[in-house]
Amino acid sequence: MIQFCRFLLVAIFFSLSFYSYAQIFEPFTINGVGKTGEKKAYLMYYTFDEDNQVVDSTTIHNGEFSFTGELQGPCYGGVVFGTDFSTASQRWADKKNIWFTLFKGETVISFEGDNNKIIGTNKGLESQQAFEKLRNEKRAVFQTDEFKKEVEHGLKLLEELKELDSNVYAQLLKDPKGLLETEKAKTGNKAIDDKIAIIRQQDESLNKKYGRMEDLDRSVLQEFITTHPDDEYSLYQFKEYIRNNDNYEEAIELYSRLGDKMQHSNVGLKLKQLIETFKIKTGVAAANFSQEAPDGKVIHLTDYRGKYVLIDFWASWCAPCREENPTLVKAYSRFNTDNFEILGISLDNKKENWLAAIEQDGLRWKHVSDLKGWKNEVAIQYGIRAVPSNFLIDPTGKIIAQDLRGEELLQFLEDTLKK
């Protein structure tokens with residue numbers, strides 16, 4: 001599978017035209033104590049509001065060092081050691097380094113042998129400790145002897161189903177919802193259907209008593225936000241959660257539990273804007289947009305109405321995008337005469353690099369970009385979280401597929417356009 005060029009999920013949501021509470025910059029201090037055997041320390045973190053990377057350095061004197069600055073809210077960061085930041089950051093897993101959430105106020109880090117740890121206290125650390133305590137308590141239920149015993153019983157039932165029909169067993173493992181979450185999934189074999197019914201009852205019993213393990217993170221966050229609605233750490237954890245969870249209903253429900261000040265903060269409003277993009281999926285109408293081509297001509301999505309068009313989000317600097325381009329060239333060559341077009345939307349910020357990649361890769365279709373990188377306005381509008389990314393739109397303007405690549409893209413176009 002082609003690797004995505006990942007980026008910080010919410011880094012692109014910058015410009016908002018409506019009123020919001022500003023996150024206030026407040027000072028922070030990091031004091032490091034304990035011998036590290038190093039001469040220089042580097043602090044790296046991503047800002048709370050804009051996810052910009054910040055790097056600072058300091059000299060270590062007698063085993064101690066200090067960093068000072070200002071923050072708008074909790075940030076993920078770390079302290080690394082080396083002669084320069086480039087070398088030090090590449091050795092991110094070194095035992096001397098430490099990765100943590102940076103808060104306003106004072107943070108004290110002890111470096112004693114390999115036992116690096118946060119020993120300072122501030123309001124942010126107290127919130128983090130409360131969150132971790134709640135998470136550990138909810139995890140503990142899945143470690144009880146009672147739970148393990150019931151799981152073992154469930155595994156025994158699965159083995160019995162496998163003995164009855166290995167194909168049905170394999171189908172259940174592949175698509176448990178298809179067999180366990182509907183009474184309509186009948187095989188016609190009474191012994192098998194009876195066994196599935198027992199497994200379904202066992203599954204429902206486990207979920208009722210313990211909840212689903214895959215829902216643990218959401219459950220923890222839901223309870224923490226409910227009890228800490230006005231805590232910046234609630235907003236920080238919510239921001240982290242939706243980096244990799246794009247279920248609109250779940251996200252908006254969690255968001256609704258945040259306090260008014262958190263919802264209407266800069267970050268809160270950007271996250272709300274991001275959540276709205278979760279609605280963009282197969283089966284819905286593609287939102288119109290317009291952007292400039294290299295020659296300055298404005299191209300609109302509606303210009304393609306009546307055609308199949310693949311909206312391709314890419315960038316010259318994205319290696320997986322460049323690796324995928326030969327497939328797009330093949331698709332365009334094979335299907336362009338079948339009412340098919342491609343519209344490339346670049347997340348580049350240097351025009352010369354963008355145009356050079358178009359020429360080098362032989363991309364003969366139309367291209368647009370506002371040269372704002374990850375802040376590309378169409379990318380924000382469509383909630384793009386990785387490149388390459390694409391949407392296939394039918395002649396009526398409806399999204400009929402997304403993120404098709406390689407042979408899967410070619411086969412889908414063959415099935416759709418040649419039928």
Side-chain angles (χ1 to χ4, degrees), residues 74 76 93 95 98-101 114-119 121 124-166 168-183 185 191-229 231 233-247 249-258:
Y76 176 76
K95 290 183 179 180
I98 185 169
W99 302 93
F100 56 97
T101 304
D114 293 334
N115 299 318
N116 304 339
K117 59 182 178 180
I118 307 293
I119 60 175
T121 58
L125 283 171
E126 291 175 2
S127 296
Q128 183 181 40
Q129 290 165 359
F131 181 85
E132 291 177 350
K133 179 182 178 183
L134 175 62
R135 182 169 56 190
N136 290 336
E137 288 173 351
K138 286 187 173 292
R139 283 177 176 173
V141 71
F142 298 108
Q143 302 299 322
T144 62
D145 291 339
E146 182 183 6
F147 175 77
K148 292 178 180 178
K149 184 177 180 179
E150 295 201 42
V151 169
E152 288 176 3
H153 178 60
L155 292 174
K156 181 181 178 182
L157 293 173
L158 287 174
E159 285 299 315
E160 292 172 357
L161 175 64
K162 185 177 181 180
E163 291 178 5
L164 288 171
D165 191 316
S166 60
V168 174
Y169 168 80
Q171 182 184 347
L172 187 147
L173 294 184
K174 183 179 180 181
D175 181 25
K177 290 184 178 181
L179 287 176
L180 296 184
E181 295 189 4
T182 173
E183 289 287 348
I192 294 174
D193 290 340
D194 287 348
K195 186 63 66 177
I196 291 175
I198 295 172
I199 293 173
R200 183 187 295 116
Q201 292 171 3
Q202 172 74 5
D203 183 64
E204 291 173 351
S205 175
L206 276 173
N207 293 335
K208 186 176 181 179
K209 290 174 66 175
Y210 305 102
R212 291 185 179 275
M213 293 183 70
E214 58 266 33
D215 293 336
L216 178 64
D217 289 342
R218 180 169 58 84
S219 174
V220 171
L221 183 57
Q222 184 181 63
E223 185 170 332
F224 185 81
I225 292 177
T226 301
T227 55
H228 300 75
D231 194 321
Y233 193 67
S234 288
L235 186 59
Y236 171 78
Q237 281 295 338
F238 176 68
K239 177 181 171 184
E240 292 297 304
Y241 177 79
I242 65 172
R243 289 184 191 278
N244 297 303
N245 294 273
D246 59 2
N247 183 296
E249 287 75 19
E250 291 180 1
I252 202 68
E253 195 279 331
L254 289 169
Y255 178 83
S256 69
R257 292 174 180 267
L258 290 166

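Just so you know, residue 1 is the first one in the sequence shown, and it goes up from there.
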Are any of the side-chain heavy atoms of I199 and Q202 separated by less than 4.5 Å?
-> no

Would you check if the side chain of T226 reaches a backbone N or O of Q222 as a donor-acceptor pair within less than 3.5 Å?
-> yes

For Y76, what residues pass the ring pair (Phe, Tyr, Trp, His ring centres under 6.0 Å) criterion, not counting sequence neighbours?
-> none

Taking N245 for its side chain and A251 for its backbone only, find out whether a donor-acceptor pair lies under 3.5 Å.
-> no

Thinking salt bridges, do R243 and E240 make one under a 4.0 Å N-O criterion?
-> yes

Charged N-O contact under 4.0 Å between R218 and D215 | yes

Flag side-chain contact, heavy atom, 4.5 Å: L216 against F142 = yes

Applying ring pair (Phe, Tyr, Trp, His ring centres under 6.0 Å), name anything that partners Y169, two or more places apart in sequence or on another chain.
-> none

Check whether any side-chain heavy atom of F147 sits under 4.5 Å from a side-chain heavy atom of V141, and report yes or no.
-> no

Rounded to the nearest 0.5 Å, what's the gap from CD1 on I242 to CG on L254? Could you check?
-> 9.5 Å

Does a side-chain N-to-carboxylate-O contact under 4.0 Å join E152 and K156?
-> no

L134 and its side-chain contact (heavy atoms from CB on, under 4.5 Å) partner, picked from H228, E223, R139 | E223

